[in-house]
Amino acid sequence: MSSIGVRSYAKINWTLDVLSRREDGYHELRTILQTVSLYDRLRLEETDGAIEAVSSDSRVPEGEANLAHKAATALRRVAGVRAGARIEIDKRIPVAAGLGGGSSNAAATLIGLSRLWRVELGYGEMIEIARRLGSDVPFFLLGGTALGVGRGEEVYPLEEARSDHLLLVNCGISVSTAAAYARLSRLTRPNDVRIMPFTLLAARDIRELPLAARNDLQEVVAAAHPEIAEVIKRLESLGARHALMSGSGATVVGVFDNLETSEKARAEMRAMGFWSERVRAIGRREYGETIFD
Ligand code: C5P
């Protein structure tokens, strides 16, 4: 039986505009997503048994509750595959942190198992499986810089945003995505979709994006977790040109000019007991070329 290694990259959101709450309970978004150089390692092994998913991190659910397990099950059903798979997830992306770790694991499983099981589904069919798994999963079939609309699941490639000195900081709070959006619902205006979202304006000058980044969920999530605002302030005082929360939080992204200041800030954040990693934006091409380890 053969096996392969797959990199499952994290994402950040350069922008996240929440336009309205929809009839189906989801929120209508315009968001610019970006893959970054932090990744989980997945080892996928073909078996003749059931689908199994195990992880190095006890906070990641194992078995059927795991999103990678769900991805494998869906792919096997749609493609009519008989074989099984064992999925081992070596977790380096913080869990429930706004970095898309679970969604990325699901997409990496779809890509990896397609190769391992020699499945040839079209892009449309893969996207269809991905969107049913979660709003961020289709983005990870694409990677790079992309616009997400609808629930975030309808993705369009954009010109690549470059950013080589990003610092991710997580102060250990897990935020459920559903809880973050629930906090926002009283603030959103239901029929406000006519306004040109900031995201689309920002996308017109992609080079400016890292410094113009913003997130509609930040205010409500930071109000519930004051540590987030403190990390943002601290990063700015340590030389970040800009800092904001990623996705539904609680990870903060600091945008730095150079290696020295970002490295110094990382040391400072770690000294404060926070998880912190330096990363850079990963473009679509590099994403595609490095996904198989
Ligand atoms: O799609 P996903 O399962 O990742 O979403 C998790 C939860 O986040 C949803 O159940 C919903 O409560 C919330 N959400 C939302 N609007 C979105 C995406 C997610 O309200 N566009």
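Position 1 is the first residue of the sequence; numbering continues from there. Worth knowing before you read on, the calculation uses all heavy atoms, side chains too, and leaves out hydrogens, waters and symmetry mates.
- Using a distance-only test at 3.5 Å, with no hydrogens or angles considered, a donor-acceptor pair links the side chain of E62 to the main chain of S55.
- W14 has its side chain out of reach of T31: every pair of non-hydrogen atoms, C-beta onward, lies at least 4.5 Å apart.
- With a 6.0 Å radius and a threshold of 12 heavy atoms from other residues, nucleotides or ligands, E128 has its CD atom above the threshold.
- Under the 4.0 Å criterion applied to side-chain N and carboxylate O atoms, E64 and K70 are not assigned as salt-bridge partners.
- No side-chain donor-acceptor contact under 3.5 Å links K264 to the backbone of G239.
- Contact annotation: the side chain of R278 approaches that of L259 to within less than 4.5 Å [non-hydrogen atoms, C-beta and beyond].
- Few gaps surround CD on E289; more than 12 heavy atoms of other groups in view lie less than 6.0 Å from it.
- Side-chain atoms of R270 come within 3.5 Å of backbone atoms of S276 as a donor-acceptor pair (strictly under, hydrogens ignored).
- Between N105 and L67, the closest side-chain pair of non-hydrogen atoms is not below 4.5 Å.
- Between the T15 side chain and the I32 main chain, a donor and an acceptor come within less than 3.5 Å of each other.
- Look at K233 and E230 and you find no salt bridge, because none of the NZ, NE, NH1 or NH2 atoms lies under 4.0 Å from a carboxylate O.
- Remark: the T73 side chain and the R76 side chain contain no N/O donor-acceptor pair separated by less than 3.5 Å.
- No more than 12 heavy atoms of other residues, nucleotides or ligands shown are found within 6.0 angstrom of CZ on R241.
- By the ring pair (Phe, Tyr, Trp, His ring centres under 6.0 Å) test, Y287 pairs with Y9, sequence neighbours left out.
- Two residues are said to be in side-chain contact when any heavy atoms from C-beta on lie closer than 4.5 Å; P157 and L142 meet this criterion.
- The pair R234-E268 meets the salt-bridge criterion, with a side-chain N (NZ, NE, NH1 or NH2) lying under 4.0 Å from an Asp/Glu carboxylate O.
- Between N215 and N13, the side chains place no donor N or O within less than 3.5 Å of an acceptor N or O (distance only, hydrogens not considered).
- Here the side chain of T35 pairs a donor or acceptor atom with the backbone of G144 at under 3.5 angstrom.
- Between the side chain of E160 and the backbone N or O of R284 there is at least one donor-acceptor pair closer than 3.5 Å.
- For the pair L244 and V252, the minimum side-chain heavy-atom distance is 4.5 Å or more.
- No side-chain donor-acceptor contact under 3.5 Å links D17 to the backbone of L29.
- No hydrogens or angles considered: a donor-acceptor pair under 3.5 Å links the side chains of T145 and Q34.
- Salt bridge D90/R92: absent, no basic N to carboxylate O contact under 4.0 Å.
- Although no hydrogens or angles enter the test, the distance criterion places a donor-acceptor pair under 3.5 Å between the side chain of T290 and the main chain of E286.
- Contact check for V78 versus L121: side-chain heavy atoms found under the 4.5 Å cut-off.
- S3 and R43 form a side-chain donor-acceptor contact under 3.5 Å, judged by distance and modelled atom types alone.
- Here the side chains of L19 and H27 are not in contact, with every heavy-atom distance at 4.5 Å or above.
- Under 3.5 Å, the side chains of S135 and R151 contain a donor-acceptor pair of N or O atoms.
- Side-chain atoms of T109 never come within 3.5 Å of backbone atoms of A72 as a donor-acceptor pair (strictly under, hydrogens ignored).
- The distance from the CD1 atom of I127 to the CD1 atom of I129 is 10.5 Å, given to the nearest 0.5 Å.
- Formation of a donor-acceptor pair under 3.5 Å by the S37 side chain with backbone atoms of R280 is found in this model.
- For the pair R115 and F292, the cation-pi test (distance below 6.0 Å, angle within 45°) is passed.
- Separation of atoms OG (S262) and CG (L235) is listed at 10.5 Å; rounding is to 0.5 Å.
- T251 and S246 form no side-chain donor-acceptor contact under 3.5 Å, judged by distance and modelled atom types alone.
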